Amino acid sequence: MSIDWSVVYRDTYPDLVRYLHRKVWDADRAQDLAQEVFVRALDQNPDNPRAWLFTVATNLARDEARSVIRRRRHLQLVKVEVEAATPDEPDAVFERSERERQVRRALESLSERDREVLLLWDAGLDYEEIARQTGLAVTAIGTTLARARKRLVDAHAALEGRHVARG
Amino acid sequence: MSHVDEGRLHAYLDAIERPAGGQSDDREDRGVIESHLAQCAECRALLAEVRQVRERSASLLAVAAPTPAPQPSFADVLARAGRTQQRRRLTRINRLAALGWAATVVLAVGLGWIARGAIGIGPQSERPPLELTPPTSRSAADVGGVTEAQSDEARRGAPVAAELARAADLVQQAEGQENLEEAASRPPSPAAEPGEEEAAARLEAAGRRQGPVPAAPAEMAGRIAAPDSGPDARLERKAPPAGMVTVSAVTIPGAAVPVETEQILLPAIEWTPADLETAAVHLKGPIQRIPDLPIRSVETGALYGEPSVRLVQWSGSVPVELIQSAEVVLARLQADSLGAVRGREAATQRGSTAAVVRDGRVVLLRAALPLDSLRLLARRLP
């Protein structure tokens with residue numbers, strides 16, 4: 001029986017975008033990659049559509065990360081200049097982007113596997129789906145998540161402490 | 001009785017929130033844990049900590065969530081799928097047409113050359129080889145060291161070489177075009193950051209395609225196409241210039257034709273032809289150029305009010321623009337380009353852009369070349 005991808009799209013697209021956003025850290029790019037995942041899905045008929053979508057999304061994000069390393073540095077360079085040139089940027093907007101940067105740095109302090117498991121859980125997958133996606137045993141997911149969550153919280157607290165100390 | 005470890009407590013809370021496929025196992029395990037918790041204060045305290053960590057982690061991830069945006073319709077996905085297929089079909093047609101044309105030219109010229117040999121016509125020709133299109137009024141020193149003697153020798157050499165070079169250029173351009181289009185329709189490749197050896201091999205292959213067969217023109221074209229060729233035809237390894245960045249535009253969701261390659265859009269600028277000396281005075285500093293590549297043109301102008309110079313050099317038969325200006329121009333170009341491209345219906349530009357920022361200056365390199373090739377050229381800037 002072939003899959004009605006329009007239904008899967010309606011239900012899964014927001015989770016895919018959320019997941020991809022934490023991979024590429026660019027909302028527009030995350031949406032574009034999510035669309036690309038569904039374009040590729042149209043002529044596929046996997047047993048588990050949702051898991052298949054996240055597998056493809058992970059691969060696209062990984063390829064994207066390799067190719068945008070320079071782009072990311074450039075965006076940081078430009079962002080600094082733009083912020084310097086617009087001193088009247090609203091405080092709330094600046095604060096939010098600063099908080100997001102801290103969370104991002106905390107996430108990057110996790111191991112790749114721990115981060116992957118955490119992001120997949122946050123994207124709405126259950127333990128069995130995460131296990132299939134990552135190759136881990138189902139019984140290991142709880143321990144991995146425990147470690148990842150603790151490390152994220154501790155890393156962020158450390159960054160906040162340094163930020164406050166500098167300020 | 002043994003205590004419940006943190007991992008199991010996380011799994012216990014996660015299963016309540018989001019049951020997995022093995023429901024009966026979950027329920028059994030949950031029963032065991034709850035039974036233990038009822039009797040163990042220590043584990044109850046640990047459970048409270050685990051809850052806090054879970055909640056804190058979720059709230060941190062929520063901070064890093066994308067800003068809610070309307071979900072595009074499924075029709076957009078279908079339209080995008082249709083465009084992808086159309087682009088692949090056009091690419092195959094273009095490539096076949098170019099190869100067919102190139103094959104026809106090679107065959108015709110080859111037959112003509114054989115016929116000339118058979119009836120004893122000399123090799124004189126007044127047409128210069130394609131690669132040696134000279135600038136208008138500059139000395140040999142300004143055109144990357146190509147002397148008049150070498151130009152004469154090339155002209156006397158073989159007109160067949162010129163035709164073969166033109167045919168080779170057609171093939172290369174078709175392949176280059178196809179590569180750009182295919183790269184856009186493919187996902188980002190894992191090999192997006194090739195090692196130096198692979199990049200050197202690619203440029204060497206490009207040089208071989210461009211270089212014609214006969215000895216004198218081959219030496220000339222080979223020098224221009226792969227100027228850093230030593231005896232082993234490998235590029236000299238250099239560290240990238242300080243401040244090397246790549247300027248890029250993102251693929252635009254919902255655009256009629258997605259932006260296919262990295263690009264930057266320049267505003268309309270009035271360029272005035274000049275020579276290198278005048279340009280250096282205009283820019284208030286030395287003009288950056290890629291060593292050993294012939295110069296096609298030098299122009300002066302202004303970008304966002306900043307004195308700017310546009311130098312065009314030949315990389316084989318492909319013109320490479322080097323737009324040089326103050327560093328502050330880069331941020332403005334990037335912001336304006338993204339804004340302009342988001343609003344556009346169709347992408348019309350192809351090629352790559354790379355920017356080198358150093359000492360308060362920016363050099364924008366633009367060419368109809370894959371980005372890797374452009375990066376290699378940029379790294380050769382002194």
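Throughout, a chain's letter reflects where its sequence line sits, starting with A, and its residues are numbered from 1. Remember, it's a predicted structure, so these values are computed and weren't measured experimentally.
Minimum interatomic distance between A:Val153 and B:Val53 (heavy atoms only, all atoms of both residues): CG2-O, 4.0 Å. Nearest approach of B:Ala65 to A:His21, heavy atoms of both residues: C-CD2, 3.8 Å. B:Ala64 and A:Arg22 get closest at one heavy-atom pair: O-NE, 2.9 Å. In this structure, A:Tyr13 and B:Pro72 approach most closely via the heavy-atom pair OH-CD, 3.4 Å. Scanning all heavy atoms of the two residues, the minimum distance from A:Val39 to B:Val77 falls at CG2-O, 3.7 Å.
Evaluation of the side chain to side chain donor-acceptor pair (under 3.5 Å) rule for A:Gln133 yields A:Thr55, A:Thr58 as partners, not counting sequence neighbours.
Atoms CD and CG, from A:Gln102 and B:Leu60 in turn, are 9.5 Å apart once rounded to the nearest 0.5 Å. The CG atom of B:Asp14 sits 8.0 Å away from the CD1 atom of A:Ile130 when rounded to the nearest 0.5 Å. Taken from CG in B:Asp76 to CD in A:Gln31, the straight-line distance is 10.5 Å, to the nearest 0.5 Å. Atom CG in A:Asp122 sits 7.5 Å away from atom OG in B:Ser57 (nearest 0.5 Å).
Options A:Leu20, A:Leu42, A:Leu145 differ in how many heavy-atom pairs under 4.5 Å they form with chain B, and the most are formed by A:Leu42. Taking chain A as the reference chain and counting heavy-atom pairs below 4.5 Å, the highest number among B:Glu17, B:His10, B:Arg54 is found for B:His10.
With a 6.0 Å radius and a threshold of 12 heavy atoms from other residues, nucleotides or ligands, A:Asp47 has its CG atom at or below the threshold. Heavy-atom contacts from other residues, nucleotides or ligands closer than 6.0 Å to CD of B:Glu42 number 12 or fewer.
Between A:Trp5 and B:Phe74, some side-chain heavy-atom pair lies under the 4.5 Å cut-off. Contact check for A:Tyr9 versus B:Gln71: side-chain heavy atoms found under the 4.5 Å cut-off. Residues A:Trp121 and B:Arg18 form a side-chain contact, since some pair of their non-hydrogen atoms from C-beta on lies under 4.5 Å apart.
Contacts with chain A (heavy atom to heavy atom, under 4.5 Å) involve no residue of residues 44-52 of chain B. Using non-hydrogen atoms only and a strict 4.5 Å limit, the part of residues 110-118 of chain A facing chain B consists of A:Leu118.
Between the side chain of B:Glu6 and the main chain of A:Gly142, no donor-acceptor pair closer than 3.5 Å is present. Distance alone, capped at 3.5 Å, places no donor-acceptor pair between the A:Arg99 side chain and the B:Val63 backbone.
Within the 4.5 angstrom heavy-atom criterion, atoms from both the backbone and the side chain of B:Arg56 approach chain A. For chain B, no part of A:Ile141 is nearby; none of its heavy atoms comes within less than 4.5 Å. The part of B:Ser73 that comes within reach of chain A is its backbone (N, CA, C, O), which places non-hydrogen atoms under 4.5 angstrom from that chain.
Screening residues 6-16 of chain A for salt bridge (Lys or Arg N to Asp or Glu O under 4.0 Å), with sequence neighbours left out, gives A:Asp15-A:Arg50.
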